[in-house]
Amino acid sequence: MAASILVQRTAAFSGTLKGASLSRAILPVNCRCGFVLQAASYNPKPLWLNLRDPYVPDKESNKTPEWQKTSRYDRKLFGRYGSASGIAPASLWPSAEELEKIVAEEKEWHPPLEVLLKNIEARETEETEKRLAKEKLIAANMAKMPKMVEDWRREKREAKQKLKEEKERKAKLLAEARERFGYNVDPRSPKFLEMVAEIEKEEKKKRKLLKRRQKEEQAAAPPAAQP
């Protein structure tokens, strides 16, 4: 009885919607928002529900698709046909494992407000600590900046002075080689390299003699009088 009444009401409602779609109602143009409301039409497809003989798949049959044997499809059938589907509502409730999974997902993706506030506070604390550490590092580097600039300038002056001394020494050696051999000598030639090695050996011997003489003079000097 209830099923037949539901079918009649569904048919009457679909007929009413069809009639409303055929006669397009023009809404008033003047409105408070200033927009022009155009004619609207809505023609939904009728949903024919066979409540007297609903389709319920046979789960024991091999011809039934696997997706129609799942609990998800059972929920769909019960939602469409209700008790006429022959499905017990208790069987649609999630199992213990599914319920635990749902609870775990809720905790992960929709945590309580207290947890959200704690997470926000922890994130803000971490960002503040990182910012303070960065500011401290910048302040320390800025304090070292004058000394770093002075060291860089000193190293640059020393490198420039060293390069100048090497150029002067090379020019002196070339002049000495020209004076010794009577012609300009290639600085890559064996003669020039041998001459440079000989000069370096003589200079090293002179430095040793000078160092020894200074030690002898210091040993021969009288000790300073005690006050």
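Just so you know, residue 1 is the first one in the sequence shown, and it goes up from there. Just so it is clear, the model here is predicted, and its values are computed rather than measured.
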What about Leu92 and Tyr81, same hydrophobic cluster or not, with Ile/Leu/Val/Met/Phe/Trp/Tyr joined at side-chain heavy-atom distances under 4.5 Å?
-> yes
Under a single-linkage definition using a 4.5 Å side-chain heavy-atom cutoff for Ile, Leu, Val, Met, Phe, Trp and Tyr, are Trp67 and Val56 assigned to the same hydrophobic cluster?
-> no
Cationic N near anionic O, under 4.0 Å, [X] to [Y]:
X      : Y      : answer
Glu135 : Arg131 : yes
Lys69  : Glu66  : yes
Glu158 : Arg154 : yes
Arg169 : Glu200 : yes

Can you see which heavy atom on [X] is nearest to which on [Y], and at what distance?
X      : Y      : value
Ala143 : Pro146 : O-CD, 3.4 Å
Asp186 : Ser189 : O-OG, 2.6 Å
Lys191 : Tyr183 : NZ-OH, 3.1 Å

Side chains of [X] and [Y], heavy atoms from C-beta outward: is any pair under 4.5 Å?
X      : Y      : answer
Arg72  : Lys76  : no
Leu77  : Pro54  : no
Lys156 : Lys160 : no
Ile199 : Met195 : yes

Heavy-atom count around Glu97 CD within 6.0 Å, excluding the residue itself: above 12?
-> no
